[in-house]
Structures are given as structure tokens and as C-alpha cells.
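Please read the structure below before turning to the comments.
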Amino acid sequence: MSSNSSRSLNTRVAVDTADPKMDAKRPDIVRMGVIGYGYWGPNIVRNLHALDNCDVAAVCDKSEAALVRARKAYPAVPLTTDFNEVLNSPDIDAVAVVTPVWTHFDLAKAALLNGKHVFVEKPFTSTRQQAEELIEIADSRNLKIMVDHTFLFSGAVRKIREVVDAGTLGPLYYFDSTCVNLGLFQHDVSVIWDLAPHDLSIMDYVITERPEAVVATGAKHLNGVADMAFITIYFPGNIIAHVNVNWLSPVKVRTTLIGGRDKMLVWNDLEADEKIKIYDKGVQMTSGQGVYDMLVSYRTGDVWAPKCQQTEALKVELEYFLKCILDDATPINDGVAGLRVVRLLEAADESLKARGKVVEL
Ligand SMILES: NC(=O)c1ccc[n+]([C@@H]2O[C@H](COP(=O)([O-])OP(=O)(O)OC[C@H]3O[C@@H](n4cnc5c(N)ncnc54)[C@H](O)[C@@H]3O)[C@@H](O)[C@H]2O)c1
């Protein structure tokens, strides 16, 4: 490790002692350790660092190059290549696990067993059993788990939930989400485990019924893992959801359609303003006297774009994580919500392998 990046937690760099966050542990401050400073980790650290009731007490990455970047951005934050230093530190209350998916379980488990609350990246774990074990450990120790289902904290998704809860769309018919772009290919997980957690966590948040079955098809063209997949999820009450994820799309698309009996909603996350549009459109069937007298009438009314908050979703989410710890509250995106998504991902894998077998949940 270069001398510039090797200051361990024990040799914590001097900080401005006038900074109230750096005094002895205050009850309104959460001291966070972040493990993983690759692509996504810097976003976590940036947001935590900016929050008043958070002290970024350590950043850990096994890569020295990553720590050099961290040192440059946050000269006062202690760094280490050894995650045990974070997990064993009595000066850390909560750990963010921002490492590849296959490492989530071991790191989160060790953190919980060391009495730390855990913020863990999506997808929560690689298997349902792992998720269940983590939930059990956290419950038995009254520790919080929050799974980074970032989009739930975006202005758009919060607005969608508000609209659906208010009954504006009427009873739901479908949820149809497209999340496609060129790459970024992951080595350890398929496109299902990389991109679909976002769509599935949003679906899980918007549709309060619990899914009954999953059907998935897809293909692997390049590196042995599925690079495109079409996942269908069946719900009670004739609600159907579809998620299209693809790393081989020439263009980036982030669009979700939510159709209800009374109105239909389109969310285009790539729009700068007016991300959500609600269409007063619908179809009505009335039967006439004879069997062939089905009357179809189409309704086309106004279109409007409700205002969505623009605050960065990750900032809102991390603020909420700290609040849940300080107030001893259960996050909406807790381990149980993470487990629901992992179950859907596993079912999609199973179905895809069998070319679209129906997997009951
Ligand atoms: N919420 C989101 O929108 C979002 C976006 C991107 C990635 N992610 C998730 O974040 C996680 C990390 O993804 P990424 O793209 O940043 O990956 P990455 O490979 O770019 O970074 C992971 C970092 O973790 C480090 N690391 C791995 N094992 C370690 C260990 N045992 N101890 C210390 N450091 C270790 C690596 O050196 C690397 O720097 C994944 O779970 C991914 O699904 C979430």
C-alpha cells in the first residue's frame, strides 16, 4: 500500500477538532464505515460525507488505487485495505457494503455479528437462504438492514407511488418496465441480477399485492451469463408485470408504463423535466345484444405531468437510513424487501434456464 493511502483506522489522521461531528460519540451521529470504493462506492461516500448526522469513519477497499482516489477526495477520512478493521472497530456504528454481489453475504454477516447496522448494495444477496440468514441475525440483535433500492427514493418513484395509492389510475392492469443500454457487462452476475433489481424493487414498491409466479426468457451471447432477459411476473387480480433488461441495446432506454382501468402513466427517467406523464386514456367494452355485438369505446382525455422532486435519490435514501438507525425504525427497503427481490431474481433464473418455465412463488 502506498504511504499516501495506508493510514489505518488506528492511525486516524488529525481532524479539525472544532468539527462537532468529530467529538466523542454523539447520540445524533451515525459513524459509518464504507467497504468498496469502486464505481458505486464514491457515490455512497460523497452523500454520507455531506450529511450532518453522519461521520464517515472509514473507507475500505482492497485496491490501493481505489484508496488513492478516496484520499484525494477526502484527505481526512481514514482508509484501509482490510475490511476487518472496519468490522472490528468500536468507533463504527454502521457499515455500507458496496462490493460485488457475491461478497455481500459474508461482509454483511460479519458486520451484523460485530453489532453494526448494515446498508447493503442491491441485489441484497446471491441466494434466498443468505437473505433469510441475514434477516434473522439482524432481528435477533435489533440491528437495521437497508438494501440499496435507490430508485425508491427518487422523486419520480415516490410520485408514482403517491398516484397509485390515491387511486388515480384505478385498479391496476399492468406494469411494464424497460431498462436497456450498451453494457456495462458484469463478470460475476447476469443482466438479471445487475439491472432487474431496480425494476423489481420499484414494482414491489408500487404494486402492493404479492406476486404469484414468474416466467423468464433470455439469452447469453458473449460471456456465459444472460445479457438480455424478458421477465414476466403474475400477480393476483389479473395484474401482470413485465421487465425487459438488456446490455446489448444500442440506445439507453429507461421507461416504465403503468396501466390502470381509469388512467395510464408513463415514466421516462431520461427526461430532464416531466419525467412522469399521466394519460387520461382508456378502453371500455360494452356488450350489445348479440354475441358479436361487443362495443369498444376508446377514451382520450387530458395528459398532465405531475411535479417530481429533483433531490438525488441516494442522498434521500442515506438520510433515511441514518434516521431509521437513530429513531429505531424499520426501513421500507429492509432485508425483507431485499429478500422479496432476491426471490424474484432466483425465480427468473430458474425459469430462464428452462426456457420460460412457469415458476410459482
Ligand atoms: N444502487 C445502484 O444504483 C448501483 C449502481 C451500481 C452498482 N451497484 C452495486 O454496488 C456494488 C458494487 O458495484 P460496483 O459497480 O461499484 O463494483 P466495482 O467492481 O466497480 O467496485 C467494487 C469495489 O469493491 C472492492 N472490493 C471487493 N471485495 C472487497 C473486499 N473484500 N474488501 C474491500 N474491498 C473490496 C473492489 O476492490 C472494488 O473497488 C454491486 O453490488 C452493485 O450491484 C449499485
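When a residue number appears, it is its place in the shown sequence, counting from 1. One-based numbering, in listed order, for ligands and for the atoms of each.
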Enumerate the atoms of ligand 1 whose separation from the nearest heavy atom of P100 is less than 4.0 angstrom.
-> 22 (C), 24 (O), 27 (C)
Per-atom filter on ligand 1: closer than 4.0 angstrom to a heavy atom of G36 are 24 (O)
Which part of T150 is near ligand 1, with near meaning a heavy atom under 4.0 Å away: side chain, backbone, both or neither?
-> side chain
Heavy atom under 4.0 Å from ligand 1: found in K122's side chain, backbone, both, or neither?
-> both
Check: D82/T80 side-chain N/O donor and acceptor closer than 3.5 Å | no
the protein heavy atom lying closest to atom 44 (C) of ligand 1 turns out to be E121 OE1, 3.0 Å
Taking atom types as modelled, find out whether E317 and N333 have a side-chain donor-acceptor pair closer than 3.5 angstrom.
-> yes
Identify the closest protein heavy atom to atom 21 (O) of ligand 1: which residue and atom is it, and at what distance?
-> G38 CA, 3.3 Å
Should the pair E64-R71 be classified as a salt bridge under the 4.0 Å nitrogen-to-oxygen rule?
-> no
Ranked by distance from atom 11 (C) of ligand 1, the top protein heavy atom is T99 O, 3.3 Å
With heavy atoms only and a cut-off of under 4.0 Å, state how F83 meets ligand 1: side chain, backbone, both or neither.
-> side chain
shortest atom 17 (O) of ligand 1-to-protein heavy-atom contact is with Y39 N, 4.5 Å
Close approach, Q186 and ligand 1, non-hydrogen under 4.0 angstrom | no
Kindly indicate whether atom 19 (O) of ligand 1 is approached by any protein heavy atom to under 4.0 angstrom.
-> no
Atom 16 (O) of ligand 1 [closest protein heavy-atom partner, distance rounded to 0.1 Å] = W40 N, 2.8 Å
Going by atom types alone, do D349 and W193 pair a side-chain donor with an acceptor below 3.5 Å?
-> yes
If hydrogens are left out, which of H104, K62, E64, E317 has an atom nearest to atom 28 (N) of ligand 1, that is, the closest non-hydrogen atom?
-> K62
Assert yes or no for the condition that the ring centre distance of H104 to F124 is strictly below 6.0 Å.
-> no
Could you name the option among D61, N43, I44 that has the heavy atom nearest to atom 23 (C) of ligand 1?
-> D61
D194 N/O under 3.5 Å from ligand 1 N/O = no
Where is the tightest heavy-atom contact between F235 and A241, given as atom of each residue plus distance?
-> CE1-CB, 3.9 Å
Where do C54 and M32 come nearest, in terms of heavy atoms and distance?
-> SG-CG, 3.5 Å
Tell me, which protein residue and heavy-atom name are nearest atom 3 (O) of ligand 1, and how many Å apart are they?
-> H198 CE1, 3.2 Å
Can you list the ligand 1 atoms lying under 4.0 Å from a non-hydrogen atom of I35?
-> 32 (N), 33 (C)
Without swapping roles, check the side chain of K62 against the backbone of F83 for a donor-acceptor pair under 3.5 Å.
-> no
Take the angle between the ring planes of F153 and Y320 and call it parallel below 30°, perpendicular above 60°, tilted in between.
-> tilted
Donor-acceptor pair, side chain of K116 and main chain of I92, under 3.5 angstrom = yes
Over 60° means perpendicular and under 30° means parallel, so classify the ring planes of W247 and F185, tilted if in between.
-> tilted
